[in-house]
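When a ligand or atom number is given, it counts from 1 through the structure's own listing order.
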Amino acid sequence: MSDASFLDWPFFDQSHRDFAAALEEWANTALPKVCPKDEAHGPAMDQTAKRLVRELGKAGFLAASIPAAYGGRAKDFDVRAICLGREILGRHAGLADFAFAMQGLGSAAITLFGTEAQKQRYLPKVGRGEAIAAFAISEVDAGSDVGNMSTQAVLDGDHYVINGAKTWISNAGLADFYTVFARIGDGTGAKNLAAFVVDADTPGLSVSERIDVIAPHPLGSLKFEKMRVPAANMLGQPGEGFKVAMSVLDVFRTTVGAAALGFARRALDEALARIFKRKVFGSPLADYQLTQAKIAEMAVAIDASALLIYRSAWTKDAKGGRVTREASMAKQFATDQAQVVIDQAVQLWGGLGVVSGVMVEQLYREIRALRIYEGTSEVQKLVIAAKVFEDFKHGG
Ligand SMILES: Cc1cc2nc3c(=O)[nH]c(=O)nc-3n(C[C@H](O)[C@H](O)[C@H](O)COP(=O)(O)OP(=O)(O)OC[C@H]3O[C@@H](n4cnc5c(N)ncnc54)[C@H](O)[C@@H]3O)c2cc1C
């Protein structure tokens, strides 16, 4: 059982401890039936992901990402609960974390910028697990460089006509609706972008490809061909698209760190289970100081990650406003450190650590994408440095 002493930290209130206890109980009892190990790969993966969304919704856990007025927990997001959710589910099954997280990421622009009608239409269903959400910003030539996007939306009466393509879209083909970002004027860069909520059955929208990656993660590309979207589906104002995207990532980057933390905790658990059992040169691996040094480094990396994550989540929940610096620090540090922790766990497992299907081998594949999506580690460092420079200039 992973160390849960962090729940006593002052970042949490009793409702978070109750949420964590209930989700842990659900993950131990219901999750193995909803997400059996052998179904989390191949063609059955999409069905498992859909079932996970439904069951997490029914059990009430998706409420963490939904405003209280629409069936959720907090005024808009309960970032600490989302982080706890991702951490706990990540520790049990990567696909469960994926299903949980995407409901928030895919609907967050509606929560933050939607009209009352848009909120009423989508958010209650997302929270109940009855509608699957997705977030579509990346393109072949616009990943880190979001401002380079070329998907174009042109106003025609009371509709926008959208042409273009998106790639790396989580839940492509599974989603009931997408938050789609497009350029609404001439030029390049982050200006003149807009966000739209687009129903999956909108004529002109197609899933052009499915992309298989190294760990269970429904992913694909979208194509928009003369797709007509009511102007009323815009989220925020014309030209505010970049602001919408960054406001969403400001909430969810911290939670990516939390998922990584869950993977890292599981890796430490697996390492501990192994080193007391495995005997080399006549003694358990745990007796050797080189092993103890590894375990110490893993434990420090985990606690330091948790501190950054829950500092960021608490700041967002308690103070509101943007937490760009805190969120980028939490994501960059926790995802990079989880990679190191998991690598050490694989090393401690020896040859068994690279056998397909062994938990540390799964974690080794699961963690990799977290250092890439929602802004790579390098992009987070650029963001952090920009904030440090800003503070220095204001102080100096
Ligand atoms: C599993 C997965 C799920 C995803 N889900 C979604 C989703 O749901 N919705 C969505 O819209 N997108 C999604 N993405 C896309 C993801 O956000 C992008 O892959 C990511 O932003 C990086 O963009 P890129 O792949 O184009 O890499 P690039 O931008 O080409 O980056 C390549 C390398 O260059 C580095 N680099 C970039 N800029 C600089 C710089 N200025 N200085 C130095 N190095 C730099 C990067 O850090 C990286 O190491 C997902 C990606 C993955 C892998």
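Among protein heavy atoms, atom 37 (C) of ligand 1 sits closest to S144 OG, 3.5 Å. When only non-hydrogen protein atoms are considered, atom 42 (N) of ligand 1 lies nearest to L382 CD1, 4.4 Å. When hydrogens are left out, the protein atom nearest atom 46 (C) of ligand 1 is T376 OG1, 3.6 Å; that is the closest non-hydrogen contact. Summary of contacts: the protein heavy atom closest to atom 20 (C) of ligand 1 is I372 O, 3.5 Å. Looking at atom 15 (C) of ligand 1, its nearest protein heavy atom turns out to be S138 OG, 3.3 Å.
Listed by number with element, the atoms of ligand 1 under 4.0 Å from a non-hydrogen atom of E374 are 17 (O). Using a 4.0 Å cut-off to heavy atoms of A369, the atoms of ligand 1 that qualify are 1 (C).
By heavy-atom distance, the residue among G375, G143, S377, P218 lying nearest atom 24 (P) of ligand 1 is G143. In this comparison of F181, Y178, W168, Y373, the heavy atom closest to atom 7 (C) of ligand 1 sits on W168. Nearest residue to atom 44 (N) of ligand 1 from E378, K381, H217 is E378 (criterion: closest heavy atom).
Taking a distance limit of 4.0 Å, we find that atom 32 (C) of ligand 1 is approached by no protein heavy atom. Contact annotation for atom 5 (N) of ligand 1: protein present (non-hydrogen atoms, distance under 4.0 Å). Checking atom 10 (C) of ligand 1 against the protein gives a heavy-atom contact under 4.0 Å. Taking a distance limit of 4.0 Å, we find that atom 29 (O) of ligand 1 is approached by some protein heavy atom. Within a 4.0 Å radius of atom 35 (C) of ligand 1, the protein has no heavy atom.
Using cut-offs of 30° and 60° for the angle between ring planes, the F11 and W314 rings count as tilted. Aromatic ring orientation, F6 versus F12: perpendicular (interplanar angle above 60°, classes split at 30° and 60°).
Ion pairing between E390 and K387 holds under the 4.0 Å rule for side-chain N and carboxylate O. A salt bridge links R365 with E361: at least one charged nitrogen is closer than 4.0 Å to a carboxylate oxygen.
Using a 4.5 Å heavy-atom cutoff, the side chains of F224 and T202 are not in contact. Residues N171 and Y178 have side chains not in contact (no heavy-atom distance under 4.5 Å, counting atoms from C-beta outward). Side chains of H159 and V229 form no contact here, defined as non-hydrogen atoms less than 4.5 Å apart.
Ligand 1 has no nitrogen or oxygen under 3.5 angstrom from a nitrogen or oxygen of D145. By the 3.5 Å distance cut-off applied to N or O atoms, F135 is counted among the residues near ligand 1. On a distance-only criterion, E139 and ligand 1 share no N/O pair closer than 3.5 Å.
The local environment of CG in D8 is crowded, with over 12 non-hydrogen atoms from other residues, nucleotides or ligands closer than 6.0 Å.
H16 and D13 share a donor-acceptor pair across their side chains, judged by distance under 3.5 Å alone. Residues H217 and E366 bring no donor and acceptor atom of their side chains to less than 3.5 Å of each other.
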Given ring-ring contact (aromatic ring centres under 6.0 Å, His included), test Y122 with Y70 step by step and report yes or no.
CA-CA 9 Å; Y122 293 99; Y70 306 92; over 10 Å; no
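Hydrophobic clustering (ILVMFWY, side-chain heavy atoms < 4.5 Å, transitive): L52 and L105 are in one cluster.
Counting heavy atoms closer than 4.0 Å to ligand 1, residue L219 contributes side-chain atoms (C-beta onward) but none from N, CA, C or O.
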